[in-house]
Amino acid sequence: MESTVMKSDTATAEAVDAPHRYTSALAADIERRWQQRWAEDGTFEAANPVGALAGSTPADGRPKRFIMDMFPYPSGTGLHVGHPLGYIATDVYARYSRASGHNVLYTLGFDAFGLPAEQYAVQTGTHPRITTEANIASIRTQLGRLGLSHDPRRSVETIDPAFYRWTQWIFLQIFNSWYDPDADAARPIDELVGRFERGEKDTPEGVGPWAELSAVERAEVLSGYRLAYADDAPVNWAPGLGTVLSNEEVTADGRSERGNFPVFRANLRQWKMRITSYAQRLLSDLDRLDWPEAIKIQQRNWIGRSEGARVEFPVEGPDGEAGEHTVTVFTTRQDTLFGATYMVLAPEHPLVDAIVPAQWPEHAASAWIGDAATPREAVDAYRRATQTKSDMERQAADAKEKTGVFTGAYAVNPADGRRVPVFIADYVLMGYGTGAIMAVPAHDSRDFAFARKYGLPMQVVVEPPAESGLGTDPADWEQAFDSYDATIVNSDDSSEGGVSLNGLTVTEAKRRMAEWLESTGRGAATVNYRLRDWLFSRQRYWGEPFPIVYDEDGVAHALPDSMLPVELPEIDDYSPRTFDPDDRDSVPETPLSRNEEWVEVTLDLGDGPKRYRRETNTMPNWAGSCWYELRYVDPDNEKALVDPENERYWMGPSDGTDARTGDPGGVDLYVGGSEHAVLHLLYARFWHKVLFDLGHISSDEPFRKLFNQGMIQGFVYRDERGFPVPAAEVEEIDDAYYYQGEKVSRELGKIGKSLKNVVPPELVYDEYGADTLRLYEMAMGPLEVSRPWDTRAVVGSFRFLQRLWRNIVDESTGAVTVVDEPADEVTLRVLHKAIDGVRRDFEGLRFNTAVAKAIEVNNHLTKAARPVPREVAEQLVQLVAPLAPHVAEELWTRLGHTTSLAYEGFPVADPALVADETVTCVVQVKGKVRDRLEVSPSISEDELRDLALASEGVQRALDGAGVRKVIVRAPKLVNIVPA
RNA sequence: GCCGGAAUGGUGGAAUCGGUAGACACGCGACCCUCAAAAGGUUGUGUCCGAAAGGGCGUGCGGGUUCGAGUCCCGCUUCCGGCACCA
């Protein structure tokens, strides 16, 4: 109701006495016309060096800029005013870049495969392709009204077979590669085969010579090297979703990020990407990226490099004979090896079965063995108990209580030969390090807790400093002493070949121990990463099919290029098979497997037609977003995912640098939310590096510069019960908020349906126009900061445009009122200062201050310089054009120009006019401002000092007191220190 | 618990190099236009004392460095994000 009243106000109220005022109706008209004209003229099409989009522009010597947003995922709910923030920012930057002489690649595609689209389709009972395409169309409409200067020819959709053909192609590149440690790069798998054939490389331990292996065995060996491979391993299985998930998609409390279902560990054969091979490069190359430090830190933490050592512990076999088996542990504290008083293996550790003896050792403490009659029984019972726990239960707060059981076996501490008991416990994770640890309870909080609970001995080897008051008997301690800043004690093996660490610092001891381990063959210094391989298959319909078929022996074969794309078959039953969310024994079923005639195929893969079964998993929805920036560059190329020349032009490292060591290349500006810090941004870097290694592209990183925009938040109003009430219907009376007469509370939250505070962009378009929305979103604060949406405040941006309009166009006649007379000097100084500042603000993505500077110029004209001189009006319009392009184009036209100002050039400040003719010198006494002087910028220190001392304010403040010291920073400041 | 980031008027924010705190905008007050309202215009607006001139105080809290600190250093508080049995 209220909005219709307001609408008429901004749209038509002035129809009688000001028919040519900038109203929402006029804005809508201008915006429609200019959007149409830009489209007809192809104003924002950017030329490539070669291929279908080639044009003369790249050769004309302009520098290029590749500007990108994280592309949207088309949900069914439509956009709200928070969504366009990043798009507006990149558009302003793109328009500024074009005006200031760049060839700009700027477009927007859609990421449309994946769970949410499929869930929406299942809910509505409509095929996901239909719903997804409808959603994309409606978002295109909503965004279209913003007037974003995209090159529409480059917009891609990940669900388009012409696009995912290349997603599949890249998968095959990865599948057909291995990581060659000598080259420190991915290489074609054929090179590895060649090395095996020529005997230059040995097959892995336990496998016979290459020449003697069967085809199946060879395939299995290669699978151990391929960068994309399928294997049986514990994965995250979410029965409620009916699919497995990557580690990145599981929250800290063991639930699916999507849908919040319990996630269980299940052993399933799944596709994975060997991203761990790239751990070090993904880590070190962060240093060469212009990214927010916070994101880099998150990636560093996720990769989780830690330096330590592998240490081998001989384990006594069931017959008590030492050395039959060896358990390797990873530790970052090899300096505390003498303090290792027991060992723990993960319950799933493969050596557990081999080391469990038939009987309990005689002296085994009852606390260690529970009431199990034999070690076998105890181990089996414990394994069952831990496996039936979901990850969530394992990690719930009260489950942090350590549990475990003695295996009955003993190992030998390699440092001093002491026998130490071997436990299994679920606080040791199979997926990290070697799945086994040496436990040093005195100096590790987890081992300390476990040892306390089971009465295991503690040995101090790092001496707490005297001032800590801890003493050297851990029995008195409340927690482990895990400092690095102390001295090693009790660590001396005087026997032949033994090592002594006593008296060393922790860092020295780590080095000494690593050397000793290496020299005696008991271990070695090593680097371990937290990063795990990326689980890449999903039991879903709505995703890219794998270009993989299996032969009768179950060997996976890559399909040849000629058979791509493997199109997703149109089927009726696309629903995933989901289960009771808590049914951990359920097994995933892929929708594609129900479609026998698609699955069973006869193909000729080079050795005659044969029967094959297609892979029925699909790719996760990260796949398309891993490389879409490359397709923007060359969207229509049918011969390659991107022509090397086009890629080099838009993304290659800057001249003369090696992408592996210097500038890594990549997109010049990538804007998006920080929620993708480790998922999309890590996966995309990984794929990009593989493609780089294989020589398909010249850039080593996809995104040279990354910028995280903040979130636009909304006020959430809650009633007494805490339920959100519709924000649009809340009234404010005397700083309190009421909904239907009831008092409600206000807080800040996300904008969304569930919080009932969605503001659709149409509301602002209709009320004020798209230019106002753009301007408001840019003006409301720094791009990287989250801030609350305030519908009431939008009018401020509208008023600015209205005043700008009024300074150029007569509201009653529509005549242009500018005069062809030179501007006065004050006005010129105001203008040129703004030009200088706005340029710098745009370059630095500080749009909020750029807006303020443009407003200042306009305010000056309003107050002091009407009628406005043409040169000032034109440059102000150009200044505003990136922010409010429609109204700027309109004014530009009315000022007599016939071409779009998109490429008109951006005003350049005259340095003489940027520098002030006089500056205000602040005169302080004891740091407090007591007077101001208007002085020349070139005034000498002495002259300024004299002027300041003589000034009225200073005399008053000094009140006869003497002067001890005078600090002069000509011409801006004088500070007088009284005696 | 660990790792980040933030805190400035009634509100969003500005101050880019240690040098005028509060640009710009919202809101609010006064006035003009109007039968009236809306829209628009002019103008004021950190806070306290004061008629004014002018002065006191002021950037989450407590210290410090400095002629001078929103900005640098040390110690806290609160809020927001991320990670979390990672050996």
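Protein chains get the first letters and strands the later ones, always in sequence-line order, with residue 1 at the start of each. Keep in mind that this is a model prediction, so the values were computed, not measured.
Atoms CG and CZ, from Asn975(A) and Arg930(A) in turn, are 11.0 Å apart once rounded to the nearest 0.5 Å. Between Leu763(A) atom CG and Tyr768(A) atom OH the span is 9.0 Å, to the nearest 0.5 Å. Considering CG of Asn757(A) and CZ of Arg746(A), their distance stands at 12.0 Å, rounded to 0.5 Å. Rounded to the nearest 0.5 Å, atoms OH (Tyr454(A)) and NZ (Lys402(A)) are 10.5 Å apart.
With a cut-off of 3.5 Å on both Watson-Crick or G-U wobble distances, the partner of rG81(B) is given as rC3(B). rC57(B): Watson-Crick or G-U partner is rG46(B), with both key distances under 3.5 Å. In this structure, rA15(B) forms no base pair with any nucleotide, since neither Watson-Crick nor G-U wobble geometry is met with both distances under 3.5 Å.
At the heavy-atom level, Arg803(A) lies under 4.0 Å from the strands shown only through sugar-phosphate atoms. When heavy atoms are screened at a 4.0 angstrom cut-off, Val785(A) is found touching the sugar-phosphate backbone but no base atom. Within the nucleic acid shown, Thr862(A) comes within 4.0 Å of sugar-phosphate atoms alone, with no base atom in reach, counting heavy atoms only.
Checking rU20(B), rG54(B), rC3(B) against every side-chain atom of Asn301(A), the shortest atom distance belongs to rC3(B). For Arg956(A), the side-chain atoms get nearest to rG55(B) when compared with the rest of rC67(B), rG4(B), rG55(B). Nearest nucleotide to the side chain of Asn859(A), out of rU20(B), rG40(B), rC24(B): rC24(B). Among rU16(B), rA14(B), rA84(B), the nucleotide with an atom closest to any side-chain atom of Trp302(A) is rA84(B). Considering only side-chain atoms of Lys972(A), the nucleotide from rU20(B), rA25(B), rC57(B) that sits closest is rU20(B). The side chain of Asp426(A) lies closest to rC85(B), out of rC85(B), rA87(B), rC67(B). In the set rG12(B), rA87(B), rA25(B), rG12(B) carries the atom at the smallest distance from any side-chain atom of Pro788(A). Side-chain proximity of Ile855(A) to the nucleotides rC24(B), rU20(B), rU43(B) is greatest for rC24(B). Looking at the side chain of Val428(A), the nearest of the listed nucleotides rC85(B), rA87(B), rU20(B) is rA87(B).
RNA chain B lies under 4.0 Å from at least one heavy atom of each of the following residues of residues 839-848 of chain A: Asp841(A), Arg846(A), Asn848(A). Across residues 433-440 of chain A, Ile437(A) each have a non-hydrogen atom less than 4.0 Å from an atom of RNA chain B (numbered order).
For Arg969(A), no side-chain nitrogen or oxygen approaches OP1 or OP2 of rC17(B) to under 4.0 Å. At the phosphate of rU20(B), neither OP1 nor OP2 sits under 4.0 Å from any side-chain N or O atom of Asn975(A). A sub-4.0 Å separation between OP1 or OP2 of rA87(B) and a side-chain N or O of Arg530(A) is absent. Neither OP1 nor OP2 of rG81(B) sits under 4.0 Å from any side-chain N or O of Ser674(A). Distances shorter than 4.0 Å separate some side-chain N or O of Arg930(A) from OP1 or OP2 on rG55(B).
Using atom P as the reference point in both rG82(B) and rC73(B), the two lie 27 Å apart (nearest Å). Between the P atoms of rA30(B) and rU20(B), the separation comes to 35 Å (whole Å). Atom P of rA37(B) sits at a distance of 11 Å from the matching atom of rC32(B), rounded to the whole Å. Here, rG54(B) and rU59(B) have their P atoms 24 Å apart, quoted to the whole Å. Rounded to whole Å, the separation between the P atoms of rG63(B) and rU11(B) comes to 26 Å.
Atoms CE (Met711(A)) and P (rG81(B)) sit 8 Å apart, rounded to a whole Å. Straight-line distance from the CG atom of Leu973(A) to the C1' atom of rC67(B): 10 Å, rounded to whole Å. Asn858(A) has its CG atom 12 Å from the C1' atom of rC24(B), to the nearest Å. Atoms CD1 (Ile967(A)) and P (rC67(B)) sit 7 Å apart, rounded to a whole Å. Between His860(A) atom NE2 and rC24(B) atom P the separation is 14 Å, expressed in whole Å. One can place CD of Glu293(A) at 10 Å from P of rG4(B), the figure rounded to the nearest angstrom.
No hydrogens or angles were tested; on distance alone, nothing pairs the side chain of Arg787(A) with the base of rG12(B) as donor and acceptor under 3.5 Å. Applying the 3.5 Å distance criterion, the base of rC85(B) shares a donor-acceptor pair with the side chain of Lys402(A).
Sequence order on RNA chain B of the closest nucleotides to Ala793(A) and Lys926(A) puts Ala793(A) first from the 5' end. Position along RNA chain B of the nearest nucleotide to Thr849(A) versus Arg799(A) favours Thr849(A) as the more 5'-ward residue.
With its glycosidic angle more than 90° from 0, rC76(B) adopts the anti conformation. Syn is the conformation of rG9(B), whose glycosidic angle sits no further than 90° from 0.
Ring orientation note: the planes of Phe330(A) and Tyr432(A) are nearly perpendicular, at an angle over 60° on the 30°/60° scale. Classified by interplanar angle (parallel below 30°, tilted 30° to 60°, perpendicular above 60°), the ring pair Trp477(A)/Phe481(A) is perpendicular. By the 30° and 60° cut-offs, the orientation of the rings of Phe450(A) relative to Tyr342(A) is parallel. The aromatic rings of Tyr776(A) and Trp789(A) sit perpendicular to each other, their planes meeting at more than 60°, with 30° as the lower class boundary.
The 12-atom threshold is not exceeded at CD of Gln479(A), counting heavy atoms of other residues, nucleotides or ligands nearer than 6.0 Å.
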